[in-house]
Structures are given as structure tokens and as C-alpha cells.
Amino acid sequence: MKIKYILTTLFVGIVGGSCSLEEDLSAFSSPTTFYANREQCMAGLNSCYIPLKSLYTYQMMLATESTTDIAYANSGTQDAQLDISPAKPRFGANVWEHGYKGVMYCNGALEGIKNSPLEESEKQTLMSEAKIMRAFYYYLLTSFFGDVPFYTVDVSNEEIQAQVGRLPRMSAVDTRDYLIKELQECVPGMEQIRSSEVDDNRSGAAMGWMLIAKMAMWNKEWDTALAALENLEKIYGDLMQYPLEDIPFRYKNTPESIFEIQHTYTAGGLNYSSNVACICMPYPRTANSAVYSGVEIPELGDAATTWSPMRPNAYFSANLMPEGTKDKRDAMWILHGSYNGQKFSDTRPTFGPKFWCPGLQGQYDSNNYKVFRYADAVLMMAECWCMKQENADKAMEYLNVVKRRAGIDEYTTFRTWDRLMDEIMAERARELFGEFQRKFDLVRWGNWYQRTYTFSDSASIGQNILPCHEYYPIPDTEVVYSGYALDNNAYAAYGL
């Protein structure tokens, strides 16, 4: 479906689950009665961040990292087993609900701020932030589901709700192109500073440039991506100034970060936390102690909840980051069966301190989750230059910046573009391990099924994996609600 069709027929409308839309419409203030001053405009803008807490949980980690070529989880969570279908969408139902809830909040905030009495310059600043957040939710939705319905209208009444609930899928390429153009118009006017310098850890220009580049690379628009990444390079400078020691999730809003999911926790008080650390620690913990898999780890405390863990697979732990490597990331990213010279009772490789939450109380993981970092952008520049097949030296230059910081051998001899791309893919696995991106990369490269089937250490994945699993299905309840305007044809082809 082309953007023009949506613009002319439904004012750029979209879909959402009937229950969640009805619930939100009854609870959310109308732009005509609420956005009367800056404080109310900020409150509406703040709502755009609310759905993040329901999206970035341990299930997001399982969905994006454990069903790939570098990690696995033998847990009872069906997402980790690819026990997924339109009737059993698993975490996909959460992504659909909260992704579109985020879109709806952003659309409402944009409409309210636009019609508010604020000065025009102030409106544009706040609206740019809302557009960045809307683009992020669509980035997630298209990464999870491929083609999805698209809308920018404020769902302010039941008539619009009925209209948007009947929209079919729209081309993900068209959706991204619309959002890229929108961000290209507003991001240059924002303050060009690092995310760590933005007040209250809000989304700023750096996040906008990163999203332009991410979406352009999905669309294979390499020059568009490079132009955005060059703006990030102007803001962030030399990667070598950012220490590896800052990368663990416990260190919040560090200078290298472009976007983090913000978490806080105070025992007995208000909290905004999640539970990723619960599947990233040595397992199990001995009751009433700080002994994890037979090894005492005082920094983790004696009150943590540990679940059946996600683990690096043999391909990652033996080939990409083997025991004894000189890679400076090794001891933080992965543990090869021991910690501080003490062997675990279960000596299979496990996730390292990068993901641990010191003093974890129950399952209240108060770490921030790194979603985008500057090293990611540097590797994206390497990939863009490689895919353009015009300047191998440029591609290797950016690739080697990441390798140099990690202390591993640089890639110095160009042989073929395919070999260079293989090395970029491997370096993205090493550098961004456990940062909610690997499946998106593999799907974008077109090799998710082949590599996951070949390298996964999960017996369940080996039994269940199908090519259609590269994207999650749209929940069948949403298909029915749409009057079958939506479809799961890729799953239907396999009888699901």
C-alpha cells in the first residue's frame, strides 16, 4: 500500500487492538482540553515514553538475541523456542499492543502541542522529540512484523478508531521512507549534542540521526544512511575516547550512548525497572546466599531472582569470542565456565557482568538497557561503505576503529566485498552482543533462517524454526478485528 492511498482515504490512519484503544481513549485527555500550557505539553510528551517499560523486558532480549546465530535459551518461554503462530503470537502481542500504544501517544502529543498556545519555536522543539519517538515505535514494529499499518492521525474519537482498525499492512519500505523524510526535516533544527547531554535523558538529535540511518539501511539506501551517520560522527567524534568499561548496563547514560531505556528502583518506593538481568546471571543461586552456580559473587547479593538463563552459543563462545582471546570485551561480555578463577557448577558459557545488576532485589533490574551506542553507528558506516562497493579502505577504516578499541587484530587486507561483509557481521555480533539487535540485523541481511538453523544450540529451535519466523505474526485477534484487512500470509503458507 502506498502512502498516497492512506493520506487520501483515511488522513493517514492506522490499526490498533480494539481493547487497548478503547481503554486508552477513555483514560487519555483530549488535545482540545489538555494542552493549555508548557507543563501540560510536557506531560503529554512524557507519555510517549511510557510504553517502553512494557517493551524492553527479558522477553525482548529472548526475542531479539536468543533466537539467532549467537545465543540461545533453554527456558520455558515459548519465544525462545520459536513456538510462535498467529494464534500464539507470544511476545509479538506485547510488541503490537505497546508499539501502537506508543504511536498513539505520540500522535496525540503532536496534535495537542501543535494546537497549544506555546511559541512556535518551542512547539517545534517538542514536536521534533515526539516525531523521533514515533519513528522509534515504527522502527520496532517494522523490524518485528515487516509490513504494518501506518498512521499519524490522533485517534480522538470512535469514528477515527473504527476507521483505523480496518487498515491493511503498508509496505515497510514506504513507512520508513515517510519517517526518514519527516526526521530529515526536523532533526537538523535540534541542538546537535550527545544524548548524555540532553536534559532528563530525553530523545534528541543523536537519536533522530540514528533512526534515519537504521531505517535507511533496512531500505538499502546507503547514501541516506551515511549522511545521517556523518552527522552523528560530528557530534560524537573519535570512538576511542569512550572507554569499554562504560558499556555495562549498570552504568547509565554514559557519553557513548545514543539511546537507553531508563530504569530506577528504590526498595519499598516507586520504581521503573525490568527483569533482563534475571536471565543473564550464572544459574542457579543457592538460597539465602550470594552463591551462583557454585561460585560466590558478592556483588550480585543474596536476594536476586535468577531464571533459566540465556547463553552464548558454541559459535559465539568458540569462534567469535573464545576463551583466552585478547579481546578486551571478553571478561565483561561472556564467562567461559568460571569467574575469578572459580569454576561454576554448570560450566557452559554464560553472560558476563555487562548484563548483571549488582545487588539485584528479586527481579527488579534497575540497570539501563543500551539500545543504541556510537560503536553501533561506527559499524553501520563500515557496512554502508562496504555495501556501496566503492571504497574498501573507508569500510575497513570504520571497522578497525571498533576492533582497535577492543584490542583485537585489525582487518587490513581486502579480498572480496563478501568477505569484508562477513567480517562486519562478525564484529557486529561481538561488539553489540546482547543489545537487542542481532535478529534485526540478520533479518535485514536476509540470512536469519539459514544462520539461526545452522548455529543455534537450542534443540527446540532446531525443531520449530521456519522461514516465516523471521518476522512475528500479527496476532490473529487483530486480524479478525480488522475485518481481515490484515493478514498472516507468510504463516499461512506453512499451515499456521
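Index from 1, following the sequence. Just so it is clear, the model here is predicted, and its values are computed rather than measured.
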TODO: For residues Y138 and P149, report the shortest heavy-atom separation together with the two atoms involved.
DONE: CE2-O, 3.8 Å
Open item on the list: Using side-chain heavy atoms (C-beta onward) and a distance below 4.5 Å, is I212 in contact with L179?
Closed with: no
Open item on the list: Within the 3.5 Å criterion, strictly below it, is a donor on Y472 or D79 matched to an acceptor on the partner's side chain?
Closed with: yes
Task: Closest contact, heavy atoms only, S203 versus M133 - done: OG-SD, 3.2 Å
TODO: Tell me, please, which residues at least two apart from Y58 pass ring pair (Phe, Tyr, Trp, His ring centres under 6.0 Å).
DONE: W307
- [ ] Using a 4.5 Å cut-off on heavy atoms from C-beta on, say whether the side chain of D69 contacts that of Q450.
- [x] no
Task: Ring centroid separation Y449 to H469 under 6.0 Å - done: no
Open item on the list: Counting only heavy atoms not in E191 (residues, nucleotides, ligands), do more than 12 fall under 6.0 Å from its CD?
Closed with: no
TODO: Taking all heavy atoms of L55 and all of G99, pick out the closest pair and write down the distance.
DONE: CD2-N, 4.2 Å
Open item on the list: If you define the side chain from C-beta out and look only at heavy atoms, does anything of V187 sit under 4.5 Å from W209?
Closed with: yes
- [ ] Could you tell me which non-hydrogen atom of P168 sits nearest to which non-hydrogen atom of A485, and how far apart they are?
- [x] CB-O, 3.2 Å
Open item on the list: Show, in sequence, the C-alpha distance, side-chain angles and deciding distance for K101 and E97, and conclude whether the salt bridge (Lys or Arg N to Asp or Glu O under 4.0 Å) test is met.
Closed with: CA-CA 6 Å; K101 188 176 289 185; E97 176 187 354; 3.7 Å; yes
Task: R166 NZ/CZ over Y481 ring centroid, <6.0 Å and within 45° of normal - done: yes
- [ ] Flag the pair K388 and D223 as a salt bridge only when some basic side-chain nitrogen lies within less than 4.0 angstrom of an acidic carboxylate oxygen.
- [x] yes
Open item on the list: Side chains of N219 and D177 only: does a donor on one sit below 3.5 Å from an acceptor on the other?
Closed with: yes
Task: Listed partners of D83 passing salt bridge (Lys or Arg N to Asp or Glu O under 4.0 Å), at least two apart - done: K88, R90
Open item on the list: I'd like to know if the side chain of E233 pairs up with that of Y398 as donor and acceptor (distance under 3.5 Å, no hydrogens or angles considered).
Closed with: yes
Task: Check ion pair D147-R169 (N to O, under 4.0 angstrom) - done: no
- [ ] Take the angle between the ring planes of F355 and F351 and call it parallel below 30°, perpendicular above 60°, tilted in between.
- [x] tilted
TODO: For residues 367-387, pull every pair meeting salt bridge (Lys or Arg N to Asp or Glu O under 4.0 Å), keeping only residues two or more places apart or in separate chains.
DONE: K214-D376, E256-R373, E260-K370, R373-E431, R373-E435, D376-R428, E383-R444
TODO: Check the angle between the aromatic planes of F436 and F249 and answer parallel, tilted or perpendicular using the 30° and 60° thresholds.
DONE: parallel
Open item on the list: Under 3.5 Å, is there a donor on one side chain and an acceptor on the other for E129 and Y49?
Closed with: yes
Open item on the list: Check the orientation of F372 and F136. Use parallel for under 30°, tilted for 30 to 60°, and perpendicular for over 60°.
Closed with: perpendicular
- [ ] For the pair W333 (side chain) and R430 (backbone), establish whether a donor and an acceptor sit closer than 3.5 Å, ignoring hydrogens and angles.
- [x] yes
TODO: Please check if the distance between the ring centroids of Y364 and Y265 is under 6.0 Å.
DONE: yes
Task: Sub-4.5 Å side-chain heavy-atom contact between K114 and M127 - done: yes
Task: Any W417 side-chain heavy atom under 4.5 Å of C386 side chain - done: yes
TODO: Could you go through the side chain to side chain donor-acceptor pair (under 3.5 Å) check for Q81 and N464 one step at a time?
DONE: CA-CA 7 Å; Q81 302 170 12; N464 295 334; 5.0 Å; no
Task: Closest contact, heavy atoms only, T264 versus K252 - done: CA-NZ, 4.3 Å
Task: Close side-chain approach of M190 to Q124, heavy-atom, < 4.5 Å - done: no
Task: Minimum-distance pair of heavy atoms, taken over all atoms of C468 and A490 - done: CB-O, 3.5 Å
Open item on the list: Quick one about R134 and Y105 (side-chain donor to acceptor, distance below 3.5 Å, no hydrogens or angles considered), yes or no?
Closed with: no
Task: F144 side chain reached by Y471 side chain, heavy atoms, under 4.5 Å - done: no
Task: Distance-only donor-acceptor check, side chains E111 and N107, under 3.5 Å - done: no
Task: Side-chain heavy atoms of C41 within contact of S116, under 4.5 Å - done: yes
- [ ] Answer yes if the side chains of N253 and Q262 hold a donor-acceptor pair under 3.5 Å, and no otherwise.
- [x] yes
TODO: Would you check if the side chain of N313 reaches a backbone N or O of F316 as a donor-acceptor pair within less than 3.5 Å?
DONE: yes
